[in-house]
Each structure stands twice: as C-alpha cells, then as structure tokens.
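Remember, predicted model here, so these are calculated numbers, not experimental data. We name chains A, B, ... by the order of the sequence lines, and we start the count at 1 in each one.
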2 protein chains.
Amino acid sequence: MVRHRVSFAGGTSRGVVLDLIRTRGPISRVALADLTGLTQATMSTVVRQLLDEGLILETGRGESTGGKPPVMLDIDPNSRFAVGVQLGRESITYVAIDLSGAIVGRTRTPGVGSTEPTEMVQRLAAEIERTLSALDIEKRSVLGVGVVAPGPLDLAHGAILRSPHLAAWFKVPIRDMLSTALDLPVLLDNDATAAAIGDFWSGRLDGVTAHATVYMGTGIGAGILIDGIVFRGASSNAGELGQVVVAEDRGDPVFLEDVAAPSAVVQRARATAVSARWGLTGDDEFDDFRRIALAAAHGDAAATDLIECSAGHLAAGVLTLANLFDLDSITLAGPAFGVAGPTYVTAISRRLEADLFVRMQHGVRVRLSTDVANAAAIGGAALVMQHELAPRTMGLSSLVTR
Amino acid sequence: MVRHRVSFAGGTSRGVVLDLIRTRGPISRVALADLTGLTQATMSTVVRQLLDEGLILETGRGESTGGKPPVMLDIDPNSRFAVGVQLGRESITYVAIDLSGAIVGRTRTPGVGSTEPTEMVQRLAAEIERTLSALDIEKRSVLGVGVVAPGPLDLAHGAILRSPHLAAWFKVPIRDMLSTALDLPVLLDNDATAAAIGDFWSGRLDGVTAHATVYMGTGIGAGILIDGIVFRGASSNAGELGQVVVAEDRGDPVFLEDVAAPSAVVQRARATAVSARWGLTGDDEFDDFRRIALAAAHGDAAATDLIECSAGHLAAGVLTLANLFDLDSITLAGPAFGVAGPTYVTAISRRLEADLFVRMQHGVRVRLSTDVANAAAIGGAALVMQHELAPRTMGLSSLVTR
DNA sequence: CATGCTTAATAAAGCAGCCTAAGAAAGATC
DNA sequence: GATCTTTCTTAGGCTGCTTTATTAAGCATG
C-alpha cells in the first residue's frame, strides 16, 4: 500500500487526536490512526504524549477482533478545568467545565451595571478564585478563563468596542487586566463565537463540516465553524446575523435585528391592544420578551403571533446564512431561546426544508443548544480548552507559532 | 532574538513564496523572508527550488541599503501556461494565460447548444489544441485546463449537476473525459469561484483577507476567498448570493435572484409601456438585458430605473454578504456587468458606506473586474495555476497528501 | 586603498514530526 | 502448544524547518 504523507497544519495533530478521544472515546490507538490517517506508529507517540500530560487515560481492554484486544483510551475529565465568564447585562454568569466539557460549577452575580472596569476586574477575579476553591479545583489544573461579551470586540487587544450597557468599557484591555489579576491565561470573545465552540467541544458536532450557532440575546449573532475552526473574516466580525437585510423600507435596509430580536417583539407587543394581559413592565425589555414567550407557550394567540413572526423572520435570515455558508448544522443558543426555543427550531427547520438551495444534496441539522441560557459562558470556557489544548486557526495569515 | 517556529499548512510555503514574487516582484530573498516569517536560510532553499523549476528568474541587483545589494527575483511569465474554458449558454470562451496571469490568447466558439457531451468533449479538446498551437505554446509548459460552468456542480466527480441550458450534462464526468482526451490535468469549478481565483491570481487582492467576487451571468453567485483560499462550505456550494432572501411575499421568501438578475430586469421591462423603444427580441433574455443597460447608459429614464432597481437590490444582498463574511474586498464580474457595471459599483459602494456593520473599523474595497466578460474563463485558467503551483485548502479535513 | 562595518546569501548541523520497517506483546484458533 | 492475527512500540530515515557560522559584496573612513 502506498501511503501518502499526511499532515495537519503546524503540529495540530495532538489537538485533533484529543478531539477524537473526547468525542469518540473510549477508542483505541488503531481506530485513531484510521480516523486521522496517521500511522499507528505516529499515533503511538502522540498518545504517549497525551498520557504523559495526564490528559487521557487507558481505561481497559476492548473487544478482540481476532488478535490482541486494543487498549481503550479516554479523556481524564478531572485533569484540567477551564472557567467561562459571561458579562451579561443583568447578571454575570461563571461556569467551570472539566476536560469532557461537563459543567462542574456555576455561579451568578449581579451584572456589570455602572461599576468601573478596574473595580469590576477585581470582583471578577475574586469571584473566580472563590468559585474554584469552592469546587476544590487546584489552580494549576485550570487552563484559563474565557470572558464572553456581546457586540463588536477588539480581539487583538482583548477589549470591548461598543456594547449596549458596557459603554464605560470601550477599549479597556480587560483581557490583560484580568489575566494579571488572576495569573491565568484569559481570552476574550464574542458570545456567538463562544457558544459555537462550546457546541463543538461538547462533541455534538461530530462529522459536521460547516456549522453555525445562532445566538440571540439582546442582539442576534452567529458563530461559524468550519471543521471546528472559527470563521472570523477580515476583522473578526463575521457572522453578524442581525445585520442581514430582510426587507427594504423606502430605499433603506431593514435588518433582521430590527424585526426579529426580543426588543422588536416587545415593541410590537406594546402596540397591540391586548398587551396588558402579559404584565409587561417596560423596565427590562428582555424580561418582557420572556413574558410574551411564556404567554405564547400557554396558548395566548396574540403572543403566539408575535413569537411566530419573530421566528419567521429569523428563519428567513438563517436561510440566507445557510445558503451563503453552505451549512450542514445549526444550533440555537442564547437566553432568548429559553422559553420559545422549540418554536424557533420548528420555524427554521421548515424554512430550510422548503427553500434551502442544496436541499437535494444534503440537509441541515437544526437543534437547540443543550443549555441555551449558559451556552455563552460554557463556550467561553471551551474556548480556553481549545486554545490551550488544540489550537487552530484558519487561513495562511495565521502562521502557527509555538 | 527568539524565533518561533513558523510553518504553513503542509508544505505550502513554496506556493506562498511564489504568490509573493508574482504579486510583489521584483523582490529580494530577504524581503520574502521578512514577509513570510521564514528565515533567510529557508528562503534561500525555497527560492533555489523555484529557480530550478524555471518558475522565477534573477532579474538583477536591487539598491544597496548599506551592504551587499540584494538579487531581485521575478516571475518568468513564459515558463508556464494554463487554459480556461467557460461553458457559456450562447458561446464558449477559451483563454490562455501565462504565469503572470496575463492573457496570451482568447477564442470564442458557438455555445454548447444541444451537442451531446461526448461529442462536445472532442470539440473542446480540438479547440484547445488548436489554440495552443496557434500561440506556439508547447504542451509540456501547459499546466492544465480549468473548465468553468454555472450552477451547482459535483466537484468530487467533476460533473455538472443542474444548469439552465446544460441539462444533458447531468452527472457526466466531463472533467475526466476532457482530461483523457487532452492528456492534461483538468479542473471543473463554478464561474463565481473561478472569477474570484482569477482576481487573486492577478495580484489585485494583495493585502486582502476576506474577499468576494460577485458574479452575475444568468444567475448571481459569489466566490469567496479567505487569505486566498476558496471558502467552499459543506458541499462546495457556498456563496450562492442569488439565494439570499431579500423580502417576503405572503410567507414565502423572495430571493435576490428573483429581483436583481438580468431575467428579472427583462421581465419587469416587458411589463412597462415604453419597452418597445429598447428593441427587445424576447429570444434571448441576456441580450435583452444588454439592450436595457445600453438604453440606460444613453440616458433613457425608464431603463435607468430598471437597472437602478436591480442594482439597489444587489447592493442590499451584497451588504448582507459583507456583514456575514466580514469582507474587506469585493469585485464585480460576469457578463451582466458588461454595460452597466459602474452603476452597480456605485450602488454597492454607497450602500456599504452607509450601512456596513463594521464601517467604523474598516471599509470594503468595491471594484469592477478588469475584464468582466472573460473573468470566469481567466479564473478557470488561474484555478489550474493555483492548483498546480500553490495548492491550498481550508480547514483540517483537507489533509495534505503528496 | 586597506580596514572594518553592514547587508545578502549559503552552508552545516540539529530538531520535530512524520514516515517505513521490523519486532514484541497478547490474545484467538487450530 | 504452535501458529495466526491484531495491537503497540522501537529504530532509523526523510523533510522542512531552525540556529549558527561562513562567505560574498557592497559602503564608510582614516
């Protein structure tokens, strides 16, 4: 047999193998060699390294297929941990995950509010330290912290550019400040991107080539993964699903965000005659959206109409997204899907089945995230896992340095 | 100085260096080492190889900057050639390009019509042989032939899936048939993708990260390049710009193709009272579109309205595309831009300047292709150049075998 | 104009990640 | 128990890069 030399970009084979063990484990060395295309000899040394680092374990014997039974390998979940922090409007969510991606701890504190960045960083650091010690996690087994924020970010400098309620954070180097305070690696990324990586790390995207995680909080975004690698575009702002043009109004574009986001639903709700019965407060748009979704879930016709309308628009936007990226997998995440998630899944699935350009060739798997509310925070932690254990970037400009 | 190990995915450094020499040449070894991040020593050997293969030449001395003056390197344009074939509705275009991407020959023959695939392949092969010998190009300096067709293709098998006027070609392995007939490598790809690679090969995309070439012929497509690598999606059908949803009509999506493509313009024209004065034939929608565009160019108000309307819709679709992919460069190509190109460029530029999500961070360069009518054929040839001389694909699934 | 300085290019040796080839280990089969 | 099959490791080699050192070719200066 003629073997061709096989190689992953810049020494990522260790990461690819770790991914496979995580998602397909327990698994033998031979099976890993088959899946990656690497030789058994190479796999032997890669696996040796992962064992030495304590990331994986030999968990016993597999079934013999006529010869020596294989030694099965699996992740050692408790060997490493990562922390994810979601800087929310109304609250900050902290999660700790283990190497398998399972949540081992979760806390929630009041939102950023008007706290100064300097003080906030101290509070974040303190809360993270507290969470870790409460969980009996040694700091040296913590790979780092992933901070997740909405809106456009300056990833190069680890700062927030503009965000609805985080104006005071403009260009503050929060990533480096928190890293100094904690003496741990810190990453900053966008909520949708993080949620997508979280889906990938959970192993639910096995076999998927082109995936998008649609994240709806206050705004609407999408984290896009190609072979598990984040698609970022020219300035790391790709996937701004809320900025899809869905109609025109006297020559001006109408964006998806204007018609499908929670705030749009609430605004339209206020204009209806029956809105009083949903108990809208007017203080917190997001809370009001939840009330409308709940009313819809209980069969309220007008509320159902409002949610269906939002879902219909989102479905059209997602159809555009799926056609442009030729997706084969979509998940929905974010607090907006907390109550009405299934309605949105149905609307999107129907739309794609009917109108996807390549529907004759392949379908698109549409699913709800396993934990819509915490998806971004979990993703933040997953981001750190991927960055530290299986780094990978797209394109040629991304020279791999190590 | 601590140097980090730098590496391009699977031995593509040769191709990257060739790209740089092509686009930035004449250039010295030292400058190449700086640009790529490779060491001077490595560059020395890479350049040696390219010189040995005859792809590049030492063209003389550069300016001294206080020490030994550098030896400048440049492409040897006549060392290699490639042929591009565009299977058009009404005509087939053949172009030959040299290594610098310049057109060295062009032919046009009647379109495919109802010719059987088997016979057509023989005709294509004969015409290509004739073109090459007329240009005095030796066959061994020809890297291959790039065949370009509209519509969804089966790239794995090198066949056309469905195409307006090429129904008889469904699943016919045209790529392999032509390769056998010519004894040359043959590639098949989509018109938009090819046009994008053509733009890249021409060197006009230097410094661009995320580019799209919008191709409008009968349909509307986009070829997307990230760092010069084609973005293909799950089934190589990414960039279907015509399938962007621009409005809704009683719950059904209205696609960009339905309102902005030449056929939509012609249809709308027929419904106007004044359409008689444009001399529409009704035979050939594309020809009629050209007449309307010409009338608009001569100041006909009703024709201008029709073209502006199409341009406005396309601009909205391109805005969506630019926001989702975070583009920093767009070119327009395809026969539909032959007459009215500047109108479309203006409409798109204006729309992006006004509404691009990241307009505060960076702009998007919008330009017309240097040769709108032949862009796809040129791109087909460029595709072969890139495939043979600087192969690269995106993601991890693309294991590099050699 | 000989000497030294700077920059350009090559040469030599080493390392990392993959390969092939060969063999050891451990059970299955007869 | 001998042989076969499959798993896993070891040994040696190739490739593409690195680092370090050397040669080549110009400028600057006493």
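As rounded to whole Å, 13 Å separates atom C1' of D:dT7 from atom CG of A:Leu32. One can place CG of A:Leu38 at 18 Å from P of C:dA16, the figure rounded to the nearest angstrom. Separating the CZ atom of A:Arg61 from the P atom of C:dA28 is a distance of 10 Å, rounded to the nearest angstrom. Protein atom CD of A:Glu63 is 15 Å distant from nucleotide atom C1' of C:dA26, rounded to whole Å. As rounded to whole Å, 12 Å separates atom P of C:dG17 from atom CG of A:Leu50.
Looking at A:Asp176 and A:His157, their side chains never bring a donor and an acceptor atom within 3.5 Å of each other. For the residue pair B:Asp74 / B:Thr59, no side-chain donor-acceptor distance below 3.5 Å is found, with atom types taken as modelled.
Taking the six-membered ring where the residue is Trp, A:Phe325 and B:Phe325 present parallel rings, their angle staying beneath 30° rather than reaching 60°.
Each of B:Ser64 and A:Val47 was assigned the nucleotide of DNA chain D with the nearest heavy atom; the assignment lying further toward the 5' end belongs to A:Val47.
Within the 4.0 Å cut-off from OP1 or OP2 of D:dC17, at least one side-chain nitrogen or oxygen of B:Ser13 is found.
Judged purely by atom type and a 3.5 angstrom limit, A:Asp328 uses its side chain to pair as donor or acceptor with the backbone of A:Thr209.
When side chains are defined from C-beta on, B:Ser329 counts as touching B:Leu205, because their heavy atoms get closer than 4.5 Å.
The pair A:Arg14-A:Glu53 meets the salt-bridge criterion, since a charged nitrogen lies less than 4.0 angstrom from a carboxylate oxygen.
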Between protein and nucleotides 5-11 of chain C, what N or O pairs are separated by less than 3.5 Å?
from	atom 1	to	atom 2	distance (Å)
C:dT7	O2	B:Lys68	N	3.1
C:dA9	OP1	B:Val71	N	2.6
C:dT10	OP2	B:Arg29	NE	3.3
C:dT10	OP2	B:Ser44	OG	2.2
C:dT10	O5'	B:Ser44	OG	3.4

